[in-house]
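First listed ligand is number 1; within each ligand, the first listed atom is number 1. Not measured: the values here are computed from a predicted model. Worth knowing before you read on, the calculation uses all heavy atoms, side chains too, and leaves out hydrogens, waters and symmetry mates.
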Amino acid sequence: MYITQLLPLLGLASAAVLRHHRQSNVKCPIIFDGRVPQNLTLGSFDTATSPFSPQFVKGENLAWSQILLLPNTSLSRFDDTGVHKSLEVTINDHSLFHPGGGNLQVGFRRAGLLLKDDKNPIGNDSADAGVVTFHWSIRQDPARALNLSHEYMNVWHEKADYSGNQFTFVGGVVLKQDGGDGFDTPEERNSWKVQDTKNKVVFKTPIKSDAWQNFAIQLDYANNTLQVLYSAGNEPLKQATEPLPNDNVGGGQLQLGIAKKPTETESVVYDGFQEHINGSEGQIYGGVFVENSSGGCVSQ
Ligand SMILES: *[C@@H]1O[C@H](CO)[C@@H](O)[C@H](O)[C@H]1NC(C)=O
Ligand SMILES: *[C@@H]1O[C@H](CO)[C@@H](O)[C@H](O)[C@H]1NC(C)=O
Ligand SMILES: *[C@@H]1O[C@H](CO)[C@@H](O)[C@H](O)[C@H]1NC(C)=O
Ligand SMILES: *[C@@H]1O[C@H](CO)[C@@H](O)[C@H](O)[C@H]1NC(C)=O
Ligand SMILES: *[C@@H]1O[C@H](CO)[C@@H](O)[C@H](O)[C@H]1NC(C)=O
Ligand SMILES: *[C@@H]1O[C@H](CO)[C@@H](O)[C@H](O)[C@H]1NC(C)=O
Ligand SMILES: *[C@@H]1O[C@H](CO)[C@@H](O)[C@H](O)[C@H]1NC(C)=O
């Protein structure tokens with residue numbers, strides 16, 4: 001009798017201790033947190049509860065609750081069990097963005113999340129100065145596969161005046177206009193590429209169909225350098241490049257999601273070929289956060 005009473009108590013106590021002592025892999029001061037709290041619903045993304053802007057950047061007449069999914073996957077190593085969950089961004093034939101004062105962007109199929117406190121056009125927010133590391137993990141959804149004959153611009157930090165990006169993370173066949181050679185080879189299709197501000201590829205790795213891939217880009221605004229860190233699965237991030245010279249001026253915002261570019265295009269934004277999407281295409285994200293690395297700290 002004594003034993004049967006004690007065992008459940010022990011069970012509870014050790015679970016509580018484990019929870020309390022579980023170490024998060026996020027080690028440095030967070031500037032913007034894009035990790036999704038477990039209690040958020042799809043409807044939360046249409047409101048101020050969202051970690052992201054409820055308004056931008058998406059197909060006109062679509063709400064984020066119609067674009068996003070909450071897939072039941074394993075977690076990125078930078079999401080905490082019992083605290084966070086994964087998020088999937090999807091596109092379909094209706095993912096046409098109409099910027100205020102501009103024309104409908106019929107060249108793209110796009111849905112891009114902006115961290116709600118990441119300011120533009122003012123720029124110069126706290127992720128635009130010092131040394132900052134931008135983190136995201138990405139995973140493929142076999143039910144919503146990409147067509148990698150196209151260029152997919154999935155994560156980028158765009159200058160406040162929209163004249164370019166400090167860095168760009170792309171998959172698939174990169175258009176000539178965006179610094180690629182435009183050749184649809186298996187190697188080009190099936191790789192992620194990190195481009196610097198001049199669209200030069202500084203890191204490349206195969207796209208995995210069944211595992212998390214974890215990326216981090218560190219921008220040192222004072223020294224004007226860019227450094228890539230990478231790991232697959234649950235492995236800690238490793239340095240994938242040295243700090244490379246990069247012109248980091250211009251402030252701006254991080255954007256993260258899917259921007260599927262057309263093929264056979266001149267302007268990229270307003271013309272070219274996009275096939276009918278059967279259902280939707282998606283990218284699963286996790287572990288999205290921006291951290292202050294001014295003290296030399298990087299979460300790995
Ligand atoms: C989620 O939980 C947090 C912390 O307990 C709470 O502050 C927040 O209001 C909750 N959000 C929703 C949408 O329920
Ligand atoms: C989520 O996946 C886990 C493991 O595959 C499974 O045990 C669980 O039932 C799933 N939950 C839902 C809500 O589908
Ligand atoms: C993938 O894209 C290419 C280039 O636009 C197109 O020719 C092809 O039909 C597409 N494939 C599918 C399965 O939609
Ligand atoms: C930036 O440059 C300064 C001075 O040259 C150097 O001390 C510092 O280590 C550099 N920072 C990084 C992150 O390399
Ligand atoms: C921040 O703004 C100041 C002036 O407004 C400008 O000189 C500086 O270059 C900006 N910093 C960045 C990183 O763009
Ligand atoms: C479209 O998707 C559905 C459901 O996934 C599938 O059954 C069907 O074969 C697909 N059609 C084409 C033309 O690929
Ligand atoms: C980043 O950390 C440095 C010191 O390591 C601190 O001076 C600076 O204010 C921090 N920046 C932000 C935005 O918190």
Plane angle bin for His157 and Phe167 - parallel if under 30°, tilted between 30 and 60°, otherwise perpendicular: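 Plane angle between 30° and 60°, so tilted.
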Aromatic plane relationship, Phe56 with Phe97 - under 30° parallel, 30 to 60° tilted, over 60° perpendicular: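 Perpendicular: the ring planes of Phe97 and Phe56 meet at over 60°.
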Residues Glu291 and Ser299: side-chain donor-acceptor under 3.5 angstrom: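 Yes, side-chain donor-acceptor contact under 3.5 Å.
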Between Phe289 and Phe32, ring centroids under 6.0 Å: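 No - the distance between ring centres of Phe289 and Phe32 does not fall below the 6.0 Å cut-off.
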Under 3.5 Å: N/O of Asn292 near N/O of ligand 7: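 By distance alone, the answer is yes.
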Side chain proximity check, Leu148 to Ile207, heavy atoms < 4.5 angstrom: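 Yes, at least one pair of side-chain atoms sits under 4.5 Å.
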Identified ring-ring contact (aromatic ring centres under 6.0 Å, His included) counterpart of Phe169 within the set Tyr230, Trp192, Tyr285: Trp192
Salt bridge (Lys or Arg N to Asp or Glu O under 4.0 Å) pairs, two or more places apart, involving residues 269-290: Lys260-Glu275, Lys260-Glu281
Ligand 6: protein residues within heavy-atom distance under 4.0 Å: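 Close residues (ligand 6, cut-off 4.0 Å): Asn278.
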Those atoms of ligand 7 less than 4.0 Å from some heavy atom in Gly295: 5 (O)
